[in-house]
Amino acid sequence: MEQIKIVIAGPRGRMGKEAVALVENTEHFTLVGVIDRINNGKVLHEVEGFTSNAPIYSDILMCFQETKPDVLIDLTTPETGKFHTEIAITHGVRPVVGTTGFTKEELDRLSAMAQERQLGAIIAPNFAVGAVLMMKFSQMAAKYFQDIEIIELHHDQKLDAPSGTAVKTAELLSTVRDAKKQGHPDEKETIAGARGADYDGIRIHSVRLPGLIAHQEVMFGGNGQMLSIRHDSFNRTSFMSGVKLSVETVMKLDLLVYGLENIIE
Ligand SMILES: NC(=O)C1=CN([C@@H]2O[C@H](COP(=O)(O)OP(=O)(O)OC[C@H]3O[C@@H](n4cnc5c(N)ncnc54)[C@H](OP(=O)(O)O)[C@@H]3O)[C@@H](O)[C@H]2O)C=CC1
Ligand SMILES: O=C(O)C1=N[C@H](C(=O)O)C[C@H](O)C1
C-alpha cells in the first residue's frame, strides 16, 4: 500500500495524542511532522509521552515546505483549525479536520476553495462510527417525529457550544423535517437559555461537566410515546477508526466532504 505522509496539528492535545499513536501504529502512514506552538525545532520524542522522531514546527508553512505532507490532520481550536485548513488547501495538502466550531459560512468558503483546486478535504464533526450512526438513525426518525430535543454532554474543557456533532445532527434532521416551533406557542423563558439553542425550532442543550468525554441523546416526542437515540464515547480511541478512514479516503477525493456520514456506506 502506498505510504501517506501526514502532519498532525495539536499533537499534545487530548485528540492529538491519540492521532499520533494511530499514525505511528499504522503501517502505511508516516508521521513526517507535527505543528505545535511550543517546542518548535525539537523532535517529538523530546516531549514527554512521545517516542516519535517527527520534527516539531510552530510555523505551518515551514512545516509544509520541509516535510511535503500529503495530509494534514487538524485537532486544535476553532480559530487555529480554520487557519490551518485554509493554508493546507492553498498549498495542496489534503486536510482531515476534526476540529469543531466552524460556521456554515466558513465551511462553504473552505469547500469552494477545495473545489477550485480540485483537492480532497474532509471536515468531520465526529469521527466515531457509532456517533455517525446515531445521527443517521435520528435523521430516519425525524421523518416520523417532528418534535425533537438534542442533549449533548461533554467534558468541561470544551471550547465550542453547541458541539459540532449537535449542529451536524440538527442540519441532518432539518433535511427531512420542516421548520417548526416546538413547545407552547406562548412559552417564556424566566431564565435566559432555559429552552436551549434553537435550530429551525429543534432545541439543543449543551451540558458541560468534568468526568464526561462525548455523549449525545436525541429525544423524539410523539403522541403517547417517546423515542430516544443515544451515543456515548467513553474514550478518545473511539474516534480513531474514523480518522484512519478519513486519511485513506481524502487521498481519493477531489472536493471537500463535511461529515463522515457521506463516506461511510
Ligand atoms: N471530530 C471528532 O471526532 C472530534 C473532534 N474534537 C475536536 O477536536 C478539537 C481538539 O479537541 P481536544 O483534543 O479535546 O482539545 P485539546 O485542548 O486537548 O487540544 C487542542 C490542542 O491544540 C493546540 N493548539 C491550540 N492553538 C494552537 C495553535 N495556534 N497552533 C498549534 N496548536 C495549537 C493546543 O496546544 P496548547 O496546549 O499549546 O494550547 C492543544 O494541544 C476540538 O475542536 C474538539 O471539538 C474532539 C474530539 C473528537
Ligand atoms: O470536544 C470534544 O471532545 C468533541 N468534539 C466534537 C464535537 O464538537 O462534536 C466531537 C465529540 O463530540 C467530542
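Everything quoted here is computed from the prediction, not taken from an experiment. This chain uses plain numbering: 1 for the first residue, then up along the sequence. Counting starts at 1 for both ligands and their atoms, in listed order.
- Here's the thing with Ile35: none of its N/O atoms is less than 3.5 angstrom from an N/O atom of ligand 1.
- For the pair Glu46/Ile56, no side-chain contact is recorded, criterion being any heavy-atom separation below 4.5 Å from C-beta on.
- Between Ala124 and ligand 1, an N or O atom pair is found at a separation short of 3.5 Å.
- Residue contacts with ligand 1, taken as heavy atom pairs separated by less than 4.0 Å, involve Pro125 solely via the backbone atoms N, CA, C and O.
- Atoms of ligand 2 lying under 4.0 Å from at least one heavy atom of Asn126, given by number and element, are 10 (C), 11 (C), 12 (O).
- Taking every heavy atom of His154 and a limit of under 4.0 angstrom, the matching atoms of ligand 2 come to 2 (C), 3 (O), 4 (C), 11 (C), 12 (O), 13 (C).
- The environment of CD in Glu189 is crowded: more than 12 heavy-atom neighbours from other residues, nucleotides or ligands sit within 6.0 Å.
- Here is the list of ligand 2 atoms found below 4.0 Å of a heavy atom in Thr100: 6 (C), 7 (C), 8 (O).
- Contacts with ligand 1 closer than 4.0 Å are made by side-chain heavy atoms of Lys158 only, the backbone lying farther away.
- Among the atoms of His84, none of the N or O lies under 3.5 angstrom from an N or O of ligand 1.
- Between the side chain of Thr99 and the backbone N or O of Asp74 there is at least one donor-acceptor pair closer than 3.5 Å.
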request  = Report the C-alpha distance between Val218 and Ile148 in whole Å, list the side-chain angles of each, state the deciding distance to 0.1 Å, and finish with yes or no for side-chain contact (heavy atoms from CB on, under 4.5 Å).
outcome  = CA-CA 7 Å; Val218 187; Ile148 310 168; 3.6 Å; yes

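- At least one N/O-N/O distance between Gly98 and ligand 1 falls below 3.5 Å.
- Less than 4.0 angstrom separates atom 25 (C) of ligand 1 from at least one non-hydrogen atom of the protein.
- Looking at Met240, His155, Arg37, Lys168 and measuring to atom 31 (C) of ligand 1, the nearest heavy atom belongs to Arg37.
- Counting heavy atoms closer than 4.0 Å to ligand 2, residue Arg14 contributes nothing at all.
- Contact atoms of ligand 2 toward Thr165: 7 (C), 9 (O), 10 (C), 12 (O) (distance under 4.0 Å to a heavy atom of the residue).
- At a heavy-atom cutoff of 4.0 Å, ligand 1 is contacted by the side chain of Thr80 but not by its backbone.
- Between Leu75 atom CG and Arg236 atom CZ the span is 11.0 Å, to the nearest 0.5 Å.
- With Asn126, Thr76, Leu159 as candidates, the residue nearest to atom 42 (C) of ligand 1 on a non-hydrogen basis is Thr76.
- Looking at Glu152 and Thr165, their side chains never bring a donor and an acceptor atom within 3.5 Å of each other.
- Close contacts between ligand 2 and Gly164 involve ligand atoms 7 (C), 8 (O), 9 (O) [criterion: under 4.0 Å to a heavy atom].
- Note that CZ of Phe50 is 10.0 Å distant from CD of Glu24, once rounded to the nearest 0.5 Å.
- Checked by distance only, ligand 1 and Thr100 come closer than 3.5 Å through their nitrogen or oxygen atoms.
- Taking the ring centre of Tyr258 as origin, the terminal cationic atom of Lys104 falls outside the region bounded by 6.0 Å and 45° from the ring axis.
- Heavy atoms of Ser163 found under 4.0 angstrom from ligand 2 belong to the backbone as well as the side chain.
- Polar contact check, Arg236 against ligand 2: no nitrogen or oxygen pair lies under 3.5 Å apart.
- If you run side chain to side chain contact (heavy atoms under 4.5 Å, CB included) between Thr67 and each of Ile6, Val32, Val93, only Val32 comes through.
- Residue contacts with ligand 2: Met15 is excluded, as none of its non-hydrogen atoms falls under 4.0 Å.
- Both the backbone and the side chain of Thr99 come within contact range of ligand 1, each with a heavy atom under 4.0 Å.
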inquiry  = Between Thr30 and Gln3, does the side chain to side chain donor-acceptor pair (under 3.5 Å) criterion hold? Intermediate values first, please.
reply    = CA-CA 7 Å; Thr30 308; Gln3 282 294 314; 2.6 Å; yes

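- Residue-to-ligand polar distances place Phe127 within reach of ligand 1: an N/O pair is separated by less than 3.5 Å.
- Between Arg12 and ligand 1, a contact under 3.5 Å exists for at least one N or O pair.
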